[in-house]
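Please read these numbers as outputs of a predicted model, since none were measured by experiment. In the text below, chain A, chain B and the rest are named by the order of the sequence lines, each starting its count at 1.
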Amino acid sequence: MTATTTSVVFPLARLQPNRGAAVLLPGEIQVAVFRTHDDQVFALSNIDPFARAAVMSRGIVGDRGGVPVAVSPMHKNAFDLRTGVCVDDPDVSLEVYPVRVDAGMVMVGAP
Amino acid sequence: MTRTLVVVGYGMVGHRLAQAMRDRDVNGAWRIEVLAEEPRPAYDRVALSSYVDTWNADDLTLPDIDGVHVRLGETALEIDREKREIITSRGERVHYDALVLATGSTPFVPPVPGRDLPGCFVYRTIEDLDAIRAAVEKADRPGRRAGMVLGGGLLGLEAANALRGMGLSPHVVELAPRLMPIQVDEGGAGLLKNLVQKLDLTVHTGTSAEVIERDGGRMIVKLTSGVELDVDVVVFSAGIRPRDDLARRMGLATGARGGVVVDEGCRTDDENIYAIGECACIDGMVYGLVAPGYAMAEVVADRLLGGTATFPGADTSTKLKLLGVDVASFGDAHGATEGALEVVFNDAVAGTYAKVVVSDDAKTLLGGILVGDASAYTMLRPMVGRAISGDPAALIAPAGTDVAMGSLPDDAQVCSCNAVTKATIKGAIAGGCADVPGLKSCTKAGTTCGSCVPMLKQLLAEAGVEQSKALCEHFEYSRAELFEIIRGTGIRTFSELIAKHGKGLGCDLCKPAVASILASLGNGHVLDGEQASLQDTNDHFLANLQRNGTYSVVPRIPGGEITPDKLMVIAEVARDFGLYTKITGGQRIDLFGATVDQLPHIWRRLVDAGMESGHAYGKALRTVKSCVGTTWCRYGVQDSVAMAIQLELRYRGLRSPHKLKSAVSGCARECAEARGKDFGVIATEHGWNLYVGGNGGFKPRHADLLVSDVDSETLVRLIDRFLMFYIRTADRLQRTAAWIEAMEGGLDHLREVIVDDSLGICAELEAAMERHVGTYADEWRGVLEDPEKLARFTSFVNAPGTPDPTITFREERGQRVPVQLGIPEVLSR
Ligand code: SRM
Ligand SMILES: Cc1cc2nc3c(=O)[nH]c(=O)nc-3n(C[C@H](O)[C@H](O)[C@H](O)COP(=O)(O)OP(=O)(O)OC[C@H]3O[C@@H](n4cnc5c(N)ncnc54)[C@H](O)[C@@H]3O)c2cc1C
Ligand code: SF4
Ligand code: FES
C-alpha cells in the first residue's frame, strides 16, 4: 500500500486489542478495522453480507481452528481477518482493505 | 445345588466380582454373600478426591447389585478352612463353598514419632476424608491454615490438592529427590514441581518427617532437613500395604513384599480360596491400581463358572487427576527395556515436558512421560507395544500429536481400567450408543479413572456422533468446570485463563461465557480492561442490537412499578431521540432505534432521573414481574409488589449462564405468571411458595414447587442459594429448567442441596450472593463516569459525529421504524 491511497488515519490507541472499530472512507464506504492480541491490524468491509447491517466492527475477534476471525454480532458468522472469506460459508466474503500501522497511527486505504 | 460364594471386602474389586458373577451366572449356580468392613456400600475409591467437591458420598457410590447379600460394617475376623466357615465381627459363622479375598490394602504410616497424635490422618476412605474435614473445621486460627502431606507420589499430590480444596495451604514432603518418583523422571518432575507450586502447594523433596508434636491446637512437624512446619493436619500418603493378615493367619502363602500369593487363575494354595485386587500377589507383583484388580475379578468370575481364564497382565499407566496439572506416565516410562531410546521435548517456556521411549530400532512405542500437557496420553497409551509409522518425535512434537483414532487397530485397548477395546466401543456405537454416558453403561469403558473419556468422545465423533461438553474448540471444559477453575485458581483475566487452561485465541462462544463467569464472581465493571473485548455486542454497548444495527434501551422498572415522573422522563427521552416505544412483556418499556453514539446521551438523561440499566441485553436477571397484591387487589394475601421489588433490586446485575426471570403473585390466582419463570413466588396465607425451573419461550414449562409457606427471609435465602448454585454449575446458555432436568436426581437433588444443605455449600453460596449484592453498581452510571469507556460509543473513530449512513427510518402508526436494509447480499441460510 502506498501513502497516496491512504484515506483515513487515526491513533492505534483508539483500537482495543481483540476488538474492532468502524471508520468511514470517502464515498460512504464503511470499513471495520480490527486489532488482534499481537497488535496486527486488519481491515474488512463493515457490512455483514448476511444481514446487510453495518455491524462487523462490533464483533468478537478470535480464532476458528487457528484462523484469525472477526465474528458478526448479528448472526455469528465468522470471517477470516486476512482474506475476508466467511469461515462458515466460503462462497461469501467481505472486501479486504489495505491497512498498516506507522508510528502509532493506523492508516486505512481505499481498495 | 446352589453353592455359596463369600467375598471378603466390598471395595471396587469386590464389587466388580459380585457384578460380574451376577451378569454371567445366568443359571443362578452361586449365591453371593459379601462381608464389608466399611459402613457403606462399595464406592469409587479412584474418585475419592472428588468427594471434597460436594461432600456427598452418594456421588461416589457404585451401583447396587440385585441379589447380592451385602453385610455392611461386618468384618471377617477368622477363617476356618476345615469347616469352610468365616467368623465375623458380629460373631456369626458364614459358610462358603468358594471364598474370595478382596481386602485391598491399608495405607502405610512410617514410624515417625507422633504419628498417632490427633490431627494425623491417612487418605483411603470416605471416613478418612470426613475426619480430615472435621479437624480442619475445628482448627480455627488466624491466618491461612496449612496441612502437610507425607508422600509426594500420585496419591500424595491428590491428597494435597484435596487439602487445598478444603482451604488449606498444603505442604508436600517427599523422601525421594523428586515428586512422583515412580512414574516421572527427573526432567518431568522438575516441571511438575513448578506446576504444582503454582497451585499453592509447597514442595519439600529429599527430606522426611523426623518428629510430629502437638502445640495447642496445632501440629509442629520437624523435617530431617531442619525445616519446621506449623500445620493443622498431617496426612500420611507414603504408600500402601496389602491387607493379607487374614490369609497369613490361615497359613496361606504371602509374597516377599506382602500380598496373598495366587496363581494365574487368582487361586491361592487353598483350592477354594481366591484373592483379587490390591491384596493379591500375582506373578510376584502387587498392583496398586484398579484395572488389574478388575481383570482379576473377571478371571475369578470365569473360573467359578467353570472357565479357564488367566490373568492377562496389567498396564500400570497413570494420569494425575489434579485439575489443571497434567501428568501422565505410561508403559516403560523410565526406558528400562534393553536398548530403549528416548526422545524428549522439554519446553520450559510453554511449561511442557514430553518423552517417548521407543525400541532400539525406533519402530515400537514402549512408553512415555508427559507433564504440563498430557493431551497426547489418550492416544499414545493404547499404542504401547505397537509399531509406529515415521519419526517417533512426531508423536510428541508440539502441536504435532496427530495420531488419529482411525490409525489405532481395532484390538487396541481404549479403556485399560476395564479392558475395553476399540472394536467393542465401535460395536456399541454401531448398536446405538450415542453419547459417553451410553458407552459407559454398555461397555463400562470410562467408568473408572475416566482418562479414556476423551477417546470415547473421539470415537463417537469419528462415527459421526458429536458429543462434547467442551465449551468450544478453545476450552475442553464445560462452563461449570471453567467456573470452578476460575474460582479455584483466582485467575481473573481471559488471557491468563486461555494460556493456562485452553488453547488458541478464543472465540464468540468462550469469550462471552468467560466474561459472564468473571462478572458472576464480581470482577468489577463488565467493560473494565480486557473484559470489554470479551463481551458480545449487547454487553459491549450495554444495549440490545437490532436488525438494522441500532440498539434498544430498557431502563429497569423494578416489579413493574413506576412513578408518573419517571414515566415522563422516559417519554421525553423517547420523543427527543425519536425512539420507537413499546411496553414489553416484562412489565417495562423498551426504546428502540438508538445509534451507538446516541446511547450515552440517552442514558445520561435516564441516570440523572434516577433510573438504571435493566440488563435487557445481558445473560442476567431480567425482570421480576408482579401483580398488584394486597395493596389493591381484593384477593391478595401478601404484598407481591414489595416482594417483587425487593427481589429485583437484590438480584439486579447478576450475570448468569442464561437470562433469569422471576415474578411474584399475590395469591393463587397467579396474575403475575410466576410459574412461567426461572424462579417464581406465589403468596399463601402463611407466607410464600417458591417455584423453580419455569420458562416461556421455545419450550414452555411450568416451574415446580420447591418449598411452601416459607417466610420472607427464608424465601430470599433459598433464592440466593438457588441462583448461585445455578450460576456455578449450569452449562452455557442452559436455562434453569434444562439445568434441573439434566441434574442427576433432578428437583429432589436440588432440594437436598439448597434446602437441606446436603453438600454443605449453602453458607458459601449465600456469602457469594451477599458479595454480589454488596458490590452491585449500575453499569450505565459506570460508563458515564469513565471517559475511556465513553469513548467507545462512537459511530466512526475517524468521524465521531457522523451517523451511520445505512440507518434510515420510515414511519409506521405514528412512530419511527427501521427501513429494511434491502435484499441481503446473501440470502439468510
Ligand atoms: C422486548 C421483549 C418483547 C416485548 O416487546 O414484549 C422481548 C424481546 C426479545 N426477546 Fe424475549 N422479549 C420480551 C419478553 C419475553 C418473554 C415474556 C416475559 O419475560 O415475561 C418471554 C417468555 C418468557 C421466558 O423467557 O421464559 C421471552 C422469551 C424469549 C426467548 C426464549 C427463551 C427460552 O428460554 O426459550 C428469547 C431467546 C433467547 O433468549 O435465547 C428471547 C429473546 C429476545 C430478544 C433478546 C431477541 C434478540 O436477541 O434480539 C429480543 C430483544 C429485545 C430488545 O432488543 O430489547 N425472548 N421474551 C420482551 C422484553 C421483556 C423485558 O422487559 O425485558
Ligand atoms: C485417593 C485415591 C486415588 C486413587 N486413584 C487411582 C487411580 O487414579 N487409578 C487407579 O487405578 N487406582 C487408583 N487408586 C487405587 C484404587 O482405588 C485401588 O486400586 C482399588 O480401590 C483397589 O480395590 P480393592 O477392592 O482391591 O481394594 P479396596 O478398594 O481397598 O477395598 C477393600 C475393601 O475391603 C474391606 N476389608 C478389608 N479387610 C476386610 C475384612 N477382613 N472383612 C471385611 N472387609 C474387609 C476394606 O474395608 C475395603 O472396603 C486410588 C486410591 C486412592 C485412595
Ligand atoms: S394474583 Fe391474586 S392478588 Fe395478584 S392480582 Fe391476581 S388475583 Fe390479585
Ligand atoms: S482407562 Fe480408566 S476408565 Fe477407561
> Step by step, would you call A/R19 with B/H540 a side chain to side chain contact (heavy atoms under 4.5 Å, CB included)?
CA-CA 10 Å; A/R19 207 77 209 191; B/H540 197 74; 3.5 Å; yes

> Taking side chain to side chain contact (heavy atoms under 4.5 Å, CB included) as the test, write out the residues that go with B/D508, two or more places apart.
A/I60, A/R64, A/V71, A/K76

> Does any heavy atom of chain B fall under 4.5 Å from the side chain of A/P11, the backbone, both, or neither of them?
neither

> At a heavy-atom distance under 4.5 Å, which candidate from A/G65, A/A78, A/G66, A/A21 has the highest pair count against chain B?
A/G65

> For chain A, which candidate among B/C472, B/C507, B/A799, B/S533 shows the most heavy-atom pairs at distances under 4.5 Å?
B/S533

> Considering all heavy atoms of both residues, which atom of A/E28 and which atom of B/P805 are nearest to each other, and what is their separation?
OE1-CB, 3.4 Å

> Counting C-beta onward and ignoring hydrogens, is there a side-chain heavy-atom pair between A/V9 and B/N798 closer than 4.5 Å?
no

> Looking at A/R58 and B/L545, would you say the former's side chain and the latter's main chain have a donor-acceptor pair under 3.5 Å?
no

> Is the shortest heavy-atom distance from the side chain of A/D63 to the side chain of B/E473 under 4.5 Å?
yes

> Please find the pair of heavy atoms, one from B/S795 and one from A/A22, that lie closest to each other, and give the distance.
O-CB, 3.5 Å

> Measure distances from A/V55 to the heavy atoms of chain B and classify the residue's part below 4.5 Å as side chain, backbone, both or neither.
side chain

> Residues in ring pair (Phe, Tyr, Trp, His ring centres under 6.0 Å) with A/F10, at least two apart?
none

